[in-house]
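Written out below as structure tokens is the structure these notes cover.
Since this is a predicted model, take the numbers as computed values, not measurements. Naming convention: chains lettered A, B, ... in sequence-line order (proteins, then strands); numbering from 1 in each chain.
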Protein chains: 2
Amino acid sequence: MERPGSGAKRSYNQYCGLASALDILGERWTLLIIRELLMGPRRYSDLLVDLPGIGTNLLAERLKFLVDKGVVQQIDLKGTGSRLAYELAEPGESLRPIVLGLAHWGMDHVGDLSPADTVRPHWGFLAVEAMFQPEKASAIDESYEFRVDDQVFHVTVAGRVPRVGKGPADNPAMVAVTDAATFVQIGAGRLTPLIAMVSGRLTIEGDAEAVVRCCELLGIATGAMTAPSRAPSR
Amino acid sequence: MERPGSGAKRSYNQYCGLASALDILGERWTLLIIRELLMGPRRYSDLLVDLPGIGTNLLAERLKFLVDKGVVQQIDLKGTGSRLAYELAEPGESLRPIVLGLAHWGMDHVGDLSPADTVRPHWGFLAVEAMFQPEKASAIDESYEFRVDDQVFHVTVAGRVPRVGKGPADNPAMVAVTDAATFVQIGAGRLTPLIAMVSGRLTIEGDAEAVVRCCELLGIATGAMTAPSRAPSR
DNA sequence: CCGCATCCGAATAGATACTG
DNA sequence: CAGTATCTATTCGGATGCGG
């Protein structure tokens, strides 16, 4: 066991659920891989593109490890043989609320957008799911559509229960069009929708009241508009 | 203060909530430090004892970093000057559901108890909080007491709302006495209460029906046992 | 002692070249 | 395309030092 690369994985050696979870998920890049897979199956090369800096060996090793632990599984996308991809197995899928919780927490800690930062429009989908405050869902049934660069997704509120989905909304009460960086900045509270619109980075169409309800649902400050003045919960 | 010569901190450089969260929490030991602080303030030396293997420099560095990020704060325990400790600031406290979620997830992945594993009785407190399935709370108001080695804590159900607390329960419907390793093994489903009792590692006193309700609440199988056939590769 | 800071061998991560 | 193999750069872990 002295030989380097002999495979004895590092462990916290604590008989505790959290330590066991971190023995599987705690290494660098692992939870970001899970994040990508939360938005559907991905191929090896897709992951490389959306995780800049990971390095091919690390990605391969992490994937192999996660498959071995039953968190991720390989699937055959189309036809036999080639075109295979990775997707979450059930234990991986059950990480969704945890990863979204972390993403929500981290929203309060995103810094200024630096030129070194990468942004991906499909992260907007995750951001919406993470920002959700279901208890703030309006009593009115309606849906909102988001177009973040080339990604389109929507939120539908029905009977005070909000849900996110891919693709365009059916008869949306609001349509917001923006780029990925602006989207995240608004979600993080570092930019108000107002400023984003004035500076031409955000376009909103639809009913003004619906816009307010949508912002409420996502915990976005509307910028001292009408309505009850609510203390920022931060 | 920045240290000019020796590198800036490593970051994923992704403009995304999850990546930002992991830039703060994703390094080795960090979430285990948070776990300890979730159960109250701790001194530097306490943390060293309950995180075997961390190394003194790492602990100091992590704590400094977390204080710098506003997740943790230093407090003055008794009197002035010495006897200072670390406790979670509000952003750290808001990690509780996330850490508990991870702990719950990890419960399905704890392996066999190895001689190399450390166990701490106060982790039982965390385990109970993590295993909670509030929607399974019984309609009957009652409380259960747990004595895990030298730690005593309890669960109180009132109006279908369960809560965990330190110290003995007031007029408990059930009292369970065990050691930390057995406690975790039962919570992880690797050992049934029945087997634990027969082998003398667990003592339960109280109403049999209350015991069943308590197990329900914590998601513990009461029925005929079958040895878990899961074999985690280590 | 307690609360770190420093130093160093060992284990991981990152970058790049290469292969079926 | 989907990874290995290899090499270098960082980080970790453990021992030790040191001021209060």
>> If I take atom CG from residue Leu37(B) and atom CG from residue Leu47(B), how far apart are they, to the nearest 0.5 angstrom?
In response: 5.5 Å
> What are the two closest heavy atoms between Arg96(B) and Leu38(B), and how far apart are they?
Replying inline: NH2-O, 3.0 Å
> In whole Å, what is the span from the CG atom of Leu22(A) to the P atom of dT12(C)?
Replying inline: 16 Å
> Which heavy atom of Val119(B) sits nearest a heavy atom of Ala181(B), and at what distance?
Replying inline: CG1-N, 3.8 Å
>> Among residues 65-73 of chain B, which ones have heavy-atom contacts with DNA chain D below 4.0 Å?
In response: none
> Whole Å only: how far is the CD1 atom of Ile33(B) from the C1' atom of dC4(C)?
Replying inline: 14 Å
> How long is the line joining CD of Glu27(A) and P of dT11(D), in whole Å?
Replying inline: 16 Å
> Should the pair Glu36(A)-Arg120(A) be classified as a salt bridge under the 4.0 Å nitrogen-to-oxygen rule?
Replying inline: no
> In whole Å, what is the span from the NZ atom of Lys9(B) to the C1' atom of dT10(D)?
Replying inline: 12 Å
> Listed by chain and number, what are the ring-ring contact (aromatic ring centres under 6.0 Å, His included) partners of His154(B), not counting sequence neighbours?
Replying inline: none
> So does Arg28(B) get a side-chain nitrogen or oxygen closer than 4.0 Å to the phosphate oxygens (OP1/OP2) of dA11(C)?
Replying inline: no
> Can you tell me how far C1' of dC2(C) sits from CZ of Arg42(B), to the nearest Å?
Replying inline: 17 Å
> Does Arg190(A) pair with Asp112(A) as a salt bridge, N-O distance under 4.0 Å?
Replying inline: yes
>> Give me the atom names and distance for the closest heavy-atom approach of Asp23(A) to Asn13(A).
In response: OD2-N, 4.4 Å
> If only side-chain N and O atoms of Ser45(A) are considered, is one of them under 4.0 Å from the OP1 or OP2 phosphate oxygen of dA2(D)?
Replying inline: yes
> Does His109(B) reach the main-chain N or O of Ala21(A) with its side chain, forming a donor-acceptor pair under 3.5 Å?
Replying inline: no
>> What I want to check is whether an N or O donor and acceptor connect the side chain of Asn57(A) with the base of dG3(D) at under 3.5 Å.
In response: no
>> Could you report the tightest heavy-atom contact between Gln14(A) and Trp29(B), atom names first, then the distance?
In response: NE2-CZ3, 4.1 Å
>> Please tell me if Arg43(B) has a side-chain N or O lying less than 4.0 Å from either OP1 or OP2 of dC2(C).
In response: no
> OP1 or OP2 of dG14(C) sitting under 4.0 Å from any side-chain N/O of Trp29(A)?
Replying inline: yes
> Nearest-Å distance, CZ (Arg10(A)) to P (dT11(D))?
Replying inline: 13 Å
>> If I take atom OH in residue Tyr12(B) and atom P in nucleotide dT10(D), what distance separates them, rounded to the nearest angstrom?
In response: 17 Å
Tabulate protein N/O versus nucleotide N/O from nucleotides 16-20 of chain D, keeping only pairs under 3.5 Å, one per line.
none

> Within less than 4.0 Å of OP1 or OP2 of dA2(D), is there a side-chain N or O belonging to Lys64(A)?
Replying inline: no
> Rounding to a whole Å, what distance do you find between Leu59(B):CG and dT6(C):P?
Replying inline: 16 Å
